[in-house]
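Because the structure is predicted, anything quoted here is derived from the model rather than measured.
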There are 2 protein chains.
Amino acid sequence: MGIDLLGPDPIYRQLAAVIRKRVNDGTYAPERGPIPSEAALCEEFGVSRNTVRSAVRALNEEHVLRTVMGRGTFVNPIDRRIAAVIVDRISVGTYRPGRALPSEAALAKEQDVGRDSVRSAIARLTEDGVLHTVEGQGTFVSQREDAAPHE
Amino acid sequence: MGIDLLGPDPIYRQLAAVIRKRVNDGTYAPERGPIPSEAALCEEFGVSRNTVRSAVRALNEEHVLRTVMGRGTFVNPIDRRIAAVIVDRISVGTYRPGRALPSEAALAKEQDVGRDSVRSAIARLTEDGVLHTVEGQGTFVSQREDAAPHE
DNA sequence: GCTCATTTGTCCGTATGTATC
DNA sequence: TGATACATACGGACAAATGAG
């Protein structure tokens, strides 16, 4: 669970994995305010700030965290995270307009979250017109909705 | 034309602008081999490697440059650059299957290149099946061709 | 409005490891 | 082998945004 200085994995990736785990087990959570500052993480893990920043940047790209300059880094609520992932995949063409989304179960398993979170994310994106549901057929990517970053 | 240490723009963006200009005026060109090394650029502009790297990374994302690990950073031939930009836009949905491409003139103006380069890029992508032309109607994005990175 | 501490953003210099030629 | 270049990591510095007072 610690950091292996000698392993083949870069330190920043290992650190990202540790932080991701803490998000998953609730040690870091949206309602608890920001995660420890970069300086605090340097202190705890005995690594440089640039290394911490690399890890945090990676988790931002996964939408697990959201960093705000001058305030701190926050855990993204799970449903928002899932919604952001879906929007990303639409924007890079992994999911395409007119095509069905993977099943809730598949998304939940892949992202290692509950189906409720996936359902909530889909509900959000449906309200925004990014997705739409066809009775008995599944959820589809809508046409032409310029994927609006949520909030 | 130089680097303004005090301006509001990050240095790496300014440096990227300078390099882009040198590409445009032919100081750096594909047939001249790799652009100067990171160390040389650091030396010339008095900035750190990380800053140079940020600038070069940005230009890679624009397809102006292409970095090859262990070899160096090269100027992308203009027609390849335009082709790469078009492929990117298809993959993010800016250009969509079945829809017409903007006119050659519009693309040339926007990308600040000659119409010949745009024409050449379109020819490449047509050969690859990414685009197709309808007599008297224009050039369209083809269906289903998984945008193959050129080369 | 102002100052101040906290936090993130950018940058620098350096060092080591690895890939390519 | 040696030269060149990128990837990662360190430690330090100052700037910019935020919020508390």
Side-chain angles (χ1 to χ4, degrees), chain A residues 2-20 22-23 28-76 151, chain B residues 2-19 22-23 28 30-76 151:
Chain A
I3 304 290
D4 173 17
L5 284 312
L6 301 180
D9 267 21
I11 294 177
Y12 77 93
R13 284 189 200 281
Q14 298 180 50
L15 179 53
V18 172
I19 295 174
R20 196 184 296 105
R22 289 185 179 179
V23 169
Y28 300 152
E31 63 275 9
R32 295 197 175 183
I35 72 172
S37 69
E38 292 174 356
L41 291 171
C42 295
E43 177 79 11
E44 177 185 354
F45 294 98
V47 299
S48 76
R49 189 173 160 227
N50 285 333
T51 302
V52 169
R53 284 178 58 73
S54 289
V56 170
R57 185 219 256 182
L59 293 170
N60 264 278
E61 286 169 0
E62 296 176 23
H63 303 291
V64 170
L65 301 179
R66 203 165 64 88
T67 294
V68 183
M69 180 177 173
R71 295 217 303 134
T73 295
F74 302 80
V75 177
N76 223 358
E151 164 184 11
Chain B
I3 304 291
D4 174 18
L5 284 312
L6 302 181
D9 268 9
I11 292 179
Y12 76 90
R13 285 188 197 281
Q14 298 180 50
L15 179 53
V18 171
I19 295 174
R22 290 185 179 179
V23 170
Y28 301 153
E31 63 276 9
R32 296 197 175 186
I35 71 171
S37 70
E38 290 184 350
L41 290 171
C42 296
E43 178 78 10
E44 175 180 356
F45 293 99
V47 299
S48 76
R49 284 198 181 99
N50 287 336
T51 301
V52 169
R53 281 171 49 66
S54 292
V56 170
R57 193 215 300 174
L59 293 170
N60 264 279
E61 287 168 2
E62 295 176 24
H63 303 290
V64 170
L65 300 179
R66 202 164 65 88
T67 294
V68 183
M69 176 162 168
R71 292 201 23 218
T73 296
F74 302 80
V75 177
N76 223 358
E151 162 186 10

Q.
Over all strands shown, is Thr67(B) touching base, sugar-phosphate only, or nothing at heavy-atom distances under 4.0 angstrom?
A. sugar-phosphate
Q: Could you state the atom-to-atom distance from CG of Asn50(A) to C1' of dG12(D) in whole Å?
A: 10 Å
Q: Round to the nearest Å and state the distance from Arg53(B) atom CZ to dA9(D) atom P.
A: 12 Å
Q) If you look at every heavy atom in Ala16(A) and Ala55(A), which pair is closest and at what distance? A) N-CB, 3.8 Å
Q | Val68(B) or Pro10(A), whichever maps to the more 5' nucleotide of DNA chain D | A | Val68(B)
Q) If you find the nucleotide of DNA chain D closest to Val47(A) and the one closest to Ser37(B), which residue's nucleotide is nearer the 5' end? A) Ser37(B)
Q. Distance check: side-chain N/O of Tyr12(A) vs OP1/OP2 of dT8(D), anything under 4.0 Å?
A. yes
Q: Please list, by residue number, the residues of residues 55-64 of chain A whose heavy atoms come closer than 4.0 Å to an atom of DNA chain C; answer none if no residue qualifies.
A: none
Q | Selected nucleotide, minimal atom distance to Thr51(B) side chain, candidates dT8(C), dC11(C), dC6(D) | A | dC11(C)
Q. Does the Gln14(A) side chain pair with the main chain of Asp9(A), one donor and one acceptor, at a distance under 3.5 Å?
A. yes
Q) When the distance from CD of Glu38(B) to P of dA15(C) is rounded to whole Å, what number comes out? A) 17 Å
Q) Which is true for Thr73(A) with a 4.0 Å heavy-atom rule: it touches a base, it touches only sugar-phosphate, or it touches nothing? A) sugar-phosphate
**Q.** Spacing of Gln14(B) atom CD relative to dT10(C) atom C1', expressed in whole Å
**A.** 12 Å
Q) What integer distance in Å separates Phe45(A):CZ from dT8(D):P? A) 20 Å
Q: Report the nucleotide, chosen from dA9(D), dG9(C), dC11(C), that has the shortest atom-to-atom distance to any side-chain atom of Met69(A).
A: dG9(C)
Q) Quick one: does Val23(A)'s side chain get under 4.5 Å of Ile35(A)'s, heavy atoms only? A) no
Q. With side chains defined as the heavy atoms from C-beta onward, is the minimum distance between Ile11(A) and Phe45(A) less than 4.5 Å?
A. no
Q: Measure the distance from CZ on Arg13(A) to C1' on dT8(D) and round it to the nearest whole Å.
A: 10 Å
Q. Rounded to whole angstrom units, what separation is found between the CG atom of Asp9(A) and the C1' atom of dG17(C)?
A. 15 Å
Side-chain donor/acceptor pairs under 3.5 Å, residues 69-76 of chain A, sequence neighbours excluded:
unit_1: Thr73(A); atom_1: OG1; unit_2: Thr67(A); atom_2: OG1; d: 2.8
unit_1: Asn76(A); atom_1: ND2; unit_2: His63(A); atom_2: O; d: 3.1

(Q) Side-chain N or O of Arg71(A) versus OP1/OP2 of dT8(C): is the shortest distance under 4.0 Å? (A) no
Q) Quick check: are there more than 12 heavy atoms from other residues, nucleotides or ligands sitting under 6.0 Å from CD of Glu44(B)? A) yes
Q: Would you kindly give the CG-to-C1' distance between Leu41(A) and dT8(C), to the nearest whole Å?
A: 13 Å
Q: Kindly indicate, with the supporting measurements, whether the criterion side-chain contact (heavy atoms from CB on, under 4.5 Å) is fulfilled by Glu62(A) and Leu59(A).
A: CA-CA 5 Å; Glu62(A) 296 176 23; Leu59(A) 293 170; 3.9 Å; yes
Q: For the residue pair Ile19(A) and Val64(A), establish whether any side-chain heavy-atom pair is separated by less than 4.5 Å.
A: no
Q. If you check every side-chain atom of Ser48(A), which of dG11(D), dC6(D), dT10(C) has the closest atom?
A. dG11(D)
Q.
If the cut-off is 4.0 Å, is Arg49(A) near the phosphate of dG11(D), judged by side-chain N/O to OP1 or OP2?
A. no
